[in-house]
Chemist: 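Structure incoming, see below.
First the proteins, then the strands, lettered A, B, ... as listed; each starts at 1. The figures that follow rest on heavy atoms only: side chains count, while hydrogens, waters and symmetry mates do not.
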There are 4 protein chains.
Amino acid sequence: MAIQRETSRSGKAERRRKELLQVSLRLFSENGYDATSIRDIAREAGVTEGLLYHYFKGKKDLLKTIVQESVCDGVVFEQLDQIDLLPMEEAVCRIGTHLLENLKNKKEIFKLMLSEARLFEEDNDHFIPKLIYQNSMLRFGAFLKKRMERGEIREMDPVLLARQFSGSLVAFFLFQEILLGKTVTDVPAEHFLKCLIDVFLHGIRKCEQ
Amino acid sequence: MAIQRETSRSGKAERRRKELLQVSLRLFSENGYDATSIRDIAREAGVTEGLLYHYFKGKKDLLKTIVQESVCDGVVFEQLDQIDLLPMEEAVCRIGTHLLENLKNKKEIFKLMLSEARLFEEDNDHFIPKLIYQNSMLRFGAFLKKRMERGEIREMDPVLLARQFSGSLVAFFLFQEILLGKTVTDVPAEHFLKCLIDVFLHGIRKCEQ
Amino acid sequence: MAIQRETSRSGKAERRRKELLQVSLRLFSENGYDATSIRDIAREAGVTEGLLYHYFKGKKDLLKTIVQESVCDGVVFEQLDQIDLLPMEEAVCRIGTHLLENLKNKKEIFKLMLSEARLFEEDNDHFIPKLIYQNSMLRFGAFLKKRMERGEIREMDPVLLARQFSGSLVAFFLFQEILLGKTVTDVPAEHFLKCLIDVFLHGIRKCEQ
Amino acid sequence: MAIQRETSRSGKAERRRKELLQVSLRLFSENGYDATSIRDIAREAGVTEGLLYHYFKGKKDLLKTIVQESVCDGVVFEQLDQIDLLPMEEAVCRIGTHLLENLKNKKEIFKLMLSEARLFEEDNDHFIPKLIYQNSMLRFGAFLKKRMERGEIREMDPVLLARQFSGSLVAFFLFQEILLGKTVTDVPAEHFLKCLIDVFLHGIRKCEQ
DNA sequence: TATGAATGAGGCTTCATTCAT
DNA sequence: GATGAATGAAGCCTCATTCAT
């Protein structure tokens, strides 16, 4: 009876799968993993609860898949090497902008990873949030190290500097999202970033009086 | 009616109450609010579940009480005014140290407040974590503003600077706690703080070329 | 989506639902709402407690559904208009018989509604027992009014007369059910009704000395 | 230390006991037996829960005591014999008024007895509500029987007549209390009673056309 | 694929009652 | 008399998951 419905059977299935992941991510991020029920997800996705188990092994599998698929395609600071040739100022500006873009685009997953970090601690080896964080700091650190070697900035622990800069931006973003919500005191992130870059650059530059 | 409170009976009761709060805070912080059951708390405290409801109205009340009693006696940056007379370097150092101490002492509650921020959103007026954050940043900002007026540092949005400095430290601390856990890559927070202060001071000082 | 409803699966479901309602009504009526536990109902229906929540939102929903579905299909005195043409004697007899039938058939629900009236007071607008009572009295009253206008009976407040007649029968029936239980002193309701009609007709007839 | 507090130790105790009974009756009547907790009663009476068990054996004992003490001092229709000499009209009027007074004064206990009748079924022999009802109807019936023997009214089953008259009034009163609450449609009970007496007297009188 | 009935375990909470103080 | 801490059982409900259809 159903005619011409299945232009591509796997197409519809794939769309369903993606939507389930999307809905799950949103709900997990908004309400927390434990406070989100399978029923919530199914209802929001317009699907029955049972069907969810055709696409995923269970609730935990949903979470794991979300983290894997959401983050792997575009790890933070992946294209950072290309900026070794830029002037310091512009390079740091790109790094900051890149990080901010990432935070904005992956707001939900970042919030989730922080709130529910403990849920990933089982696969201790492949705890993805941890890896992302460490790799990103290493890349950023490597970039700074080169500049130190070129004598452009002061000699300091480069990874600590990276954590300092990134942490500042991440904290600003998350506090704005998590704590302040939509408050009048909101400040545009770009405004903050500009100030941060300014201070950071002044702070690390070689400044022989 | 009776005012005496320290008889052996009410003393024990008070101790119980405190222990319940303490155990709850630890479990909430470790496993998350939703993932911690009343049974867990009662078991850990060596108490029947029912008794918990003699001391608290319910699970939510437990959380609310924790936040109120844990935080209110010592808001962050409360004694900050006293340092207006110190040299800039030492002042910032004190601020940083104070914040770090706070983070260390109230590690559990800070982690909880960030992870489960959504749980407090109901009492929109008295959302304590938000208030603490805002007040702290205002105090820190006010301190910086005075220094600007004295011409000791550059003119910039003082609250943004405060958020920048604090966010960096908080992010470092929480990431270490939440993401990295007890990893070999751990860096002593004091080390990080020293570096942060260094860069920050350089970054904001008035640097007449 | 699918409109067919009578497959063997959904058929069984519907039967289950009905049985749950039936069992609930019986237990609520026998033991009272508060004294009947969900477990009691589930056990009696041969079902797990959890399943009950697949069919109903909760205990209160069970009660609400019972009242709605039990009563709405056949409001008391609904077919009363058709008797305006009958001789007074037979008309009142039919009314009484109709009411008695109703009391017998819906014994459980009537007992429940009276015993647990307070449970319905929330939906103040649609408090069904109240509406049923009021509507029934209005219909009965309208019938009597016509007879007064035709000069067949004395002029009195028709609704009060209706309440007088009905209340007498209801009280008899419920007392027999509630207070006396299965006692030897039981009197057949039909016997009482005959006496009631007799006195009532004599009492309201126009009796020109 | 406590001076001159105990004018009569048992006086205070007795007052407490009475108040506990009074509060219990009110709450049981308003919310039902099962829905009223010991804590509710204690709180409302300004007493701790534990103390309640010095005065009563438990919740059930409270209920039993309420029924016994509330009703025994002034059973319905107790002074009815004195009216055998009155004219029929006035006699019935007194009976009705007496019943109505009783209903008004003991509103709470009557409502409770009807709602929670099942709670008394254990002492099957001394089920007080049942006894009261039966005794009252017997007395009323005896009164009517005498009038029949004197030829003042028609020959009918006197107890049935008593139940008819009383049931009507009781039903009116309880429906007004339970179902209608404080509604605009309320009718003064005295109004109803007058109508009831009128019809009843007409209905039972010997009326040879 | 897709449904939704069914389960069993566990979660939060209330309560009548006891008892040391 | 009086308190209120403590208990254990039970109550209502939610949930992740399975499975016949």
Side-chain angles (χ1 to χ4, degrees), chain A residues 2 5-6 9-10 12-13 16 34-42 47-62, chain B residues 1-2 7-14 16-17 34-42 47-62, chain C residues 1-2 7-14 16-17 34-42 47-62, chain D residues 2 5-6 9-10 12-13 16 34-42 47-62:
Chain A
R5 248 284 163 86
E6 339 197 346
R9 177 209 300 259
S10 63
K12 186 181 171 194
R16 272 246 160 105
D34 290 301
T36 302
S37 73
I38 289 287
R39 178 168 307 189
D40 291 337
I41 297 169
V47 151
T48 55
E49 299 162 62
L51 186 55
L52 214 144
Y53 286 84
H54 271 278
Y55 290 96
F56 303 96
K57 264 182 283 184
K59 201 180 172 187
K60 270 211 154 156
D61 186 41
L62 255 176
Chain B
M1 303 256 169
T7 73
S8 111
R9 191 147 146 264
S10 62
K12 189 180 168 199
E14 194 52 30
R16 270 253 155 101
R17 205 187 93 100
D34 288 306
T36 302
S37 72
I38 290 287
R39 188 165 313 181
D40 291 338
I41 297 171
V47 150
T48 55
E49 292 174 58
L51 185 54
L52 219 144
Y53 290 85
H54 182 65
Y55 289 98
F56 304 97
K57 266 182 285 191
K59 203 181 173 186
K60 270 205 160 160
D61 185 43
L62 214 34
Chain C
M1 302 252 173
T7 71
S8 113
R9 193 149 143 262
S10 61
K12 189 182 168 199
E14 193 53 30
R16 270 255 155 99
R17 206 188 91 100
D34 288 307
T36 302
S37 72
I38 290 288
R39 188 165 314 181
D40 291 339
I41 298 170
V47 150
T48 55
E49 291 174 57
L51 185 55
L52 219 144
Y53 292 85
H54 183 65
Y55 290 97
F56 304 97
K57 266 183 287 191
K59 203 181 173 187
K60 270 205 159 160
D61 185 43
L62 215 34
Chain D
R5 247 282 162 82
E6 340 198 345
R9 180 208 300 261
S10 62
K12 186 182 172 194
R16 272 248 159 101
D34 290 300
T36 301
S37 72
I38 290 286
R39 179 168 309 189
D40 291 337
I41 297 169
V47 150
T48 54
E49 298 162 61
L51 185 56
L52 214 144
Y53 287 83
H54 271 278
Y55 290 97
F56 303 96
K57 264 183 283 182
K59 201 179 171 185
K60 270 210 154 156
D61 186 42
L62 255 177

Chemist: Among all residues two or more places apart in sequence or in another chain, which pass the salt bridge (charged side-chain N to carboxylate O under 4.0 Å, His left out) test with D61(D)?
Modeler: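 Listed in chain order: nothing, the list is empty.
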
Chemist: Side-chain N or O of R16(A) less than 4.0 angstrom from OP1 or OP2 on dT1(E)?
Modeler: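 Answer is no, no contact under 4.0 Å.
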
Chemist: When you check every protein heavy atom under 4.0 Å of nucleotides 12-18 of chain E, what one-letter string (B, S, -) results, 5' to 3'?
Modeler: SBBSSBB

Chemist: Test side chain to side chain contact (heavy atoms under 4.5 Å, CB included) on L62(A) and I41(A); report intermediate values, then the result.
Modeler: CA-CA 11 Å; L62(A) 255 176; I41(A) 297 169; 4.0 Å; yes

Chemist: Quick one: the dot-bracket string of DNA chain F, using Watson-Crick and G-U wobble pairs with both distances under 3.5 Å, [ ] for crossing pairs and | for bases paired to another strand.
Modeler: .||||||||||||||||||||

Chemist: Quick one: Y55(D) OH to dA2(F) C1', roughly how many Å, whole number?
Modeler: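 Between C1' of dA2(F) and OH of Y55(D): 9 Å.
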
Chemist: Think K12(B) has a side-chain N or O under 4.0 angstrom from the OP1 or OP2 of dT21(E)?
Modeler: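 False: K12(B) side-chain N/O out of range (4.0 Å or more) of dT21(E) OP1/OP2.
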
Chemist: With sequence neighbours left out, write down each residue that passes side-chain contact (heavy atoms from CB on, under 4.5 Å) with R17(C), or none if nothing qualifies.
Modeler: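 Only E14(C), L21(C), Y55(C), F56(C), T65(C), E69(C) meet the side-chain contact (heavy atoms from CB on, under 4.5 Å) criterion with R17(C).
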
Chemist: In Å, rounded to the nearest 0.5 Å, how long is the span from CG of L52(B) to NZ of K59(B)?
Modeler: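 Between L52(B) CG and K59(B) NZ, I get 11.0 Å after rounding to 0.5 Å.
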
Chemist: Take the protein atom CD1 of I41(C) and the nucleotide atom P of dC13(F), then report the distance between them rounded to whole Å.
Modeler: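 In whole Å, dC13(F) P lies 10 Å from I41(C) CD1.
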
Chemist: Measure the distance from NE2 on H54(A) to P on dT21(F) and round it to the nearest whole Å.
Modeler: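 Roughly 15 Å, once rounded to whole Å.
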
Chemist: Applying side-chain contact (heavy atoms from CB on, under 4.5 Å), can you list everything that pairs with T48(B), at least two apart in sequence or on another chain?
Modeler: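 For T48(B), the residues satisfying side-chain contact (heavy atoms from CB on, under 4.5 Å) (neighbours in sequence not counted) are L51(B).
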
Chemist: Without decimals, in angstroms, what is the distance between L52(C) CG and dT7(E) C1'?
Modeler: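 The distance from CG of L52(C) to C1' of dT7(E) comes to 13 Å, rounded to the nearest Å.
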
Chemist: Of all residues at least two apart in sequence or in a different chain, which pass the salt bridge (charged side-chain N to carboxylate O under 4.0 Å, His left out) check with D34(A)?
Modeler: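 Only R118(A) meet the salt bridge (charged side-chain N to carboxylate O under 4.0 Å, His left out) criterion with D34(A).
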
Chemist: For dT21(F) versus dT1(E), give the span between their C1' atoms, rounded off to a whole number of Å.
Modeler: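 Pairwise C1' distance, dT21(F) against dT1(E), rounds to 13 Å.
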
